[in-house]
Amino acid sequence: MLDVQLLRNELDVVARRLAARGGYQLDVESFRKLEERRKALQSDTESLQAQRNALSRQIGAAKRDKDQQAAESLMVQVNAFSDELKNKQEKLDALRGEMEDLLLSVPNLPHGSVPAGASEQDNVELKRFGEPRSFSFSVRDHVDIGESLGQLDFEHAVKITGSRFVVLTGAIARLHRAIAQFMLDVHSGEHGYTEIYSPYLVNAESLRGTGQLPKFEEDLFAVPRADDSRFYLIPTAEVPVTNIVRDEIIPADRLPLKFVCHTPCFRSEAGSYGKDTRGMIRQHQFDKVELVQIAHPENSYQVLEELTGHAETILRRLDLPYRVVTLCAGDMGFSAAKTYDIEVWLPGQEAYREISSCSNFESFQARRMRARFRNDKGKPQLVHTLNGSGLAVGRTLIAVLENYQRADGGVDIPGALQPYMGGLKAIASPR
RNA sequence: GGAAGGGUGGCAGAGUGGUCGAAUGCACCGGUCUUGAAAACCGGCAGAGGCGCAAGUCUCUCGUGGGUUCGAAUCCCACCCCUUCCGCCA
């Protein structure tokens with residue numbers, strides 16, 4: 001959520017900066033109209049309230065003095081405008097609701113360093129690490145590799161649940177677990193993150209806090225409850241972990257808070273029907289190790305660089321080629337002010353594919369969550385929130401299978417993961 | 001699921017219809033004292049919002065939402081959450 005003051009004072013500037021998001025159109029006119037009505041209605045309402053409060057105080061005084069007559073005449077005065085007050089109050093509440101809805105639907109302002117652009121085409125490559133390996137045999141994708149090993153099984157997943165799910169077995173299932181463990185150990189042991197275990201079901205308020213609601217309900221899986229409320233399956237650990245600080249005031253000397261959390265993530269993938277239907281690139285359920293930082297506004301951009309570096313470390317340790325791109329304004333998520341995507345090389349697709357997305361949300365989520373710290377004047381001030389995948393576990397598994405495949409159909413285990421595989425150096429080729 | 005108790009400021013904890021946005025303590029900020037610090041003492045200190053150049057002033061908020069009333073932290077209703085006991089349970 002943007003600061004409503006900013007919209008009041010610099011509406012045109014805000015509209016212009018938002019237009020960088022692939023031509024996003026802020027409804028300037030209706031905001032102006034709402035704001036005008038709000039202003040008038042609010043001052044009317046408040047002055048009536050002030051009158052009522054003053055008269056009520058006098059009634060109290062009169063009653064104390066046992067002056068029944070004075071009290072009654074004062075009550076008559078209040079009653080004269082109490083209907084008007086009630087009416088205005090109701091209108092003002094409705095108007096406030098409208099304002100709130102509008103505000104909740106406005107995306108974050110792109111940071112000044114974010115390149116302009118409408119789509120993926122306009123993202124800017126920042127750096128590359130590693131060289132895509134050249135293979136002396138014909139390269140297979142993870143589906144062929146995993147299925148021929150008999151350890152990557154989409155057919156049973158379809159029977160059990162449906163499309164966009166997978167069953168892993170044997171060494172590949174273990175490799176999947178090893179990857180997550182490795183990541184958790186590096187981030188908690190070397191990068192100073194506190195490991196978190198969190199709920200996988202969250203309430204609507206949490207999703208509103210991080211920005212998934214109210215706008216993106218169709219991307220979520222909902223679980224109905226006995227009353228008419230519902231829980232939602234988390235689309236990312238960002239939601240439960242960031243919401244730890246919702247409605248809290250954190251002592252400044254504890255910033256930044258650094259959390260790492262491994263969870264499954266659930267996404268309906270509404271609107272991506274034809275996309276990535278083969279393999280486990282895009283699943284309704286996937287595991288992810290998420291990094292979250294709650295930072296002081298002064299250094300949140302430095303934190304973004306660090307956090308992105310922490311995610312990169314994993315790929316370096318696994319010796320997987322990757323590149324980092326700065327997302328252009330039009331390709332960024334709703335809540336982000338700046339985002340780096342890390343893309344890993346997938347030989348099976350001969351392409352770099354997203355494996356991590358690291359963002360600074362500045363105060364956008366913090367404002368929705370009322371997450372604050374006490375600044376050096378002793379006043380509560382909004383924190384900045386950041387997060388990034390460190391990394392997506394399923395896609396890392398794909399990258400390992402494809403980059404470490406052997407001519408005989410087996411897969412080498414990267415050195416960093418071998419301790420997590422009981423010393424196993426390779427997944428044996430099928431006979 | 002049954003029974004009882006309870007949700008008040010950063011924390012602890014008073015307050016059961018009338019200057020209560022709220023005593024007191026702790027924490028925090030500023031000052032006096034001190035070589036410095038601690039202690040002591042003095043002062044300040046909830047949040048959000050409106051109007052105003054400012055000084056200031058007004059409104060809202062005591063778990064949430066409704067209701068009663070001229071007036072609600074306080075009374076009524078519903079819901080949520082927490083604690084304890086019983087039952088059930090990985």
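In what follows, chains are A, B, ... by sequence order, proteins preceding strands, each numbered from 1.
Rounded to whole angstrom, the span from the CD atom of A:Gln42 across to the C1' atom of B:C51 amounts to 9 Å. Taking atom CD of A:Glu72 as the reference point, atom P of B:G71 lies 15 Å away to the nearest angstrom. We find that CZ of A:Arg57 is positioned 9 Å from P of B:U19, with the value rounded to whole Å. One atom, CG of A:Asp44, and another, C1' of B:G49, lie 16 Å apart when rounded to the nearest Å. Remark: P of B:A48 and CE of A:Met369 are 16 Å apart, rounded to the nearest angstrom. At whole-Å resolution of the value, CG in A:Asp83 and P in B:U69 are 12 Å apart. Between the CG atom of A:Leu41 and the C1' atom of B:C60 there is a distance of 15 Å, given to the nearest Å. For the pair A:Leu48 CG and B:U59 C1', the computed distance is 12 Å after rounding to whole Å.
Close to B:C60, at under 4.0 Å from its OP1 or OP2, lies a side-chain N or O of A:Asn53. In this model, the phosphate group of B:C60 is approached by a side-chain N or O of A:Arg52 to a distance below 4.0 Å at OP1 or OP2.
Between the P atoms of B:C77 and B:G6, the separation comes to 15 Å (whole Å). Between B:C45 and B:G10, the distance separating the two P atoms is 15 Å to the nearest Å. Rounded to a whole angstrom, the distance from the P atom of B:U59 to that of B:U69 is 22 Å. Comparing the C1' positions of B:U84 and B:G31 gives a spacing of 48 Å, expressed to the nearest Å. For the C1' atom pair drawn from B:A27 and B:C81, the interatomic distance equals 27 Å after rounding to whole Å. Here, B:A14 and B:G7 have their P atoms 9 Å apart, quoted to the whole Å. Taking the P atoms as reference points, B:G9 lies 13 Å from B:A46, given to the whole Å. Going from the C1' atom of B:C42 to that of B:C62 covers 30 Å, rounded to whole Å.
Checked against B:C58, B:C70, B:G10, the side chain of A:Arg374 finds its nearest nucleotide in B:G10. Looking at the side chain of A:Lys39, the nearest of the listed nucleotides B:C70, B:C51, B:C58 is B:C51. Ranking B:U59, B:C70, B:C51 by closeness to the A:Lys63 side chain, first place goes to B:C70. Side-chain atoms of A:Lys379 lie closest to B:G47 of the nucleotides B:G71, B:C58, B:G47. Ranking B:G49, B:G10, B:C60 by closeness to the A:Arg96 side chain, first place goes to B:G49.
Within the shown strands, B:A12 is the pairing partner of B:U24 under the Watson-Crick or G-U definition, both distances less than 3.5 Å. Nucleotide B:G43 is matched to B:C29 when pairs are restricted to Watson-Crick or G-U wobble geometry with both distances under 3.5 angstrom. Base pairing of B:U19: no nucleotide in any strand meets the Watson-Crick or G-U wobble criterion (both distances under 3.5 Å). Remark: B:A55 base-pairs with no nucleotide; criterion is Watson-Crick or G-U wobble with both hydrogen-bond distances under 3.5 Å. Nucleotide B:U64: paired with B:A78 (Watson-Crick or G-U wobble, both distances less than 3.5 Å). Searching all strands for a Watson-Crick or G-U wobble partner of B:U83 with both distances below 3.5 Å returns B:A4.
Residue A:Glu205 is out of contact with every strand shown, counting any heavy-atom pair closer than 4.0 Å. Across all strands, A:Arg372 comes closer than 4.0 Å only to sugar-phosphate atoms, never to a base (heavy-atom distances). In this structure, A:Leu55 reaches neither bases nor backbone, as no heavy-atom distance under 4.0 Å exists between it and the strands shown. Residue contacts for A:Arg38: at a heavy-atom cut-off of 4.0 Å it reaches the sugar-phosphate backbone alone, with no base atom in range.
Salt-bridge annotation for A:Asp331 and A:Arg21: absent, with no side-chain N of the basic residue lying under 4.0 Å from a carboxylate O of the acidic one. A salt bridge links A:Glu269 to A:Arg282: one of the charged nitrogens lies within less than 4.0 Å of a carboxylate oxygen. Salt-bridge check for A:Arg278 with A:Asp144: passed, with a basic side-chain N closer than 4.0 Å to an acidic carboxylate O. Ion pair A:Asp276/A:Arg353 flagged as a salt bridge, since at least one NZ, NE, NH1 or NH2 atom sits closer than 4.0 Å to an Asp/Glu carboxylate oxygen. Electrostatic pairing of A:Glu195 and A:Lys258 does not count as a salt bridge here, judged by no charged N lying under 4.0 Å from a carboxylate O. Of the charged side-chain nitrogens involved, none lies within less than 4.0 Å of a carboxylate oxygen, so that A:Glu29 and A:Lys33 do not count as a salt-bridged pair.
The shortest heavy-atom contact between A:Ala366 and A:Val383 is CB-O, 3.2 Å.
Side chains of A:Tyr301 and A:Glu362: a donor on one and an acceptor on the other come within 3.5 Å.
Residue A:Pro380 is the one, among A:Pro380 and A:Gln49, whose nearest nucleotide of RNA chain B lies closer to the 5' end (criterion: closest heavy atom). Nearer the 5' end of RNA chain B, as judged by each residue's closest nucleotide, is the contact made by A:Ile249, out of A:Ile249 and A:Gln5.
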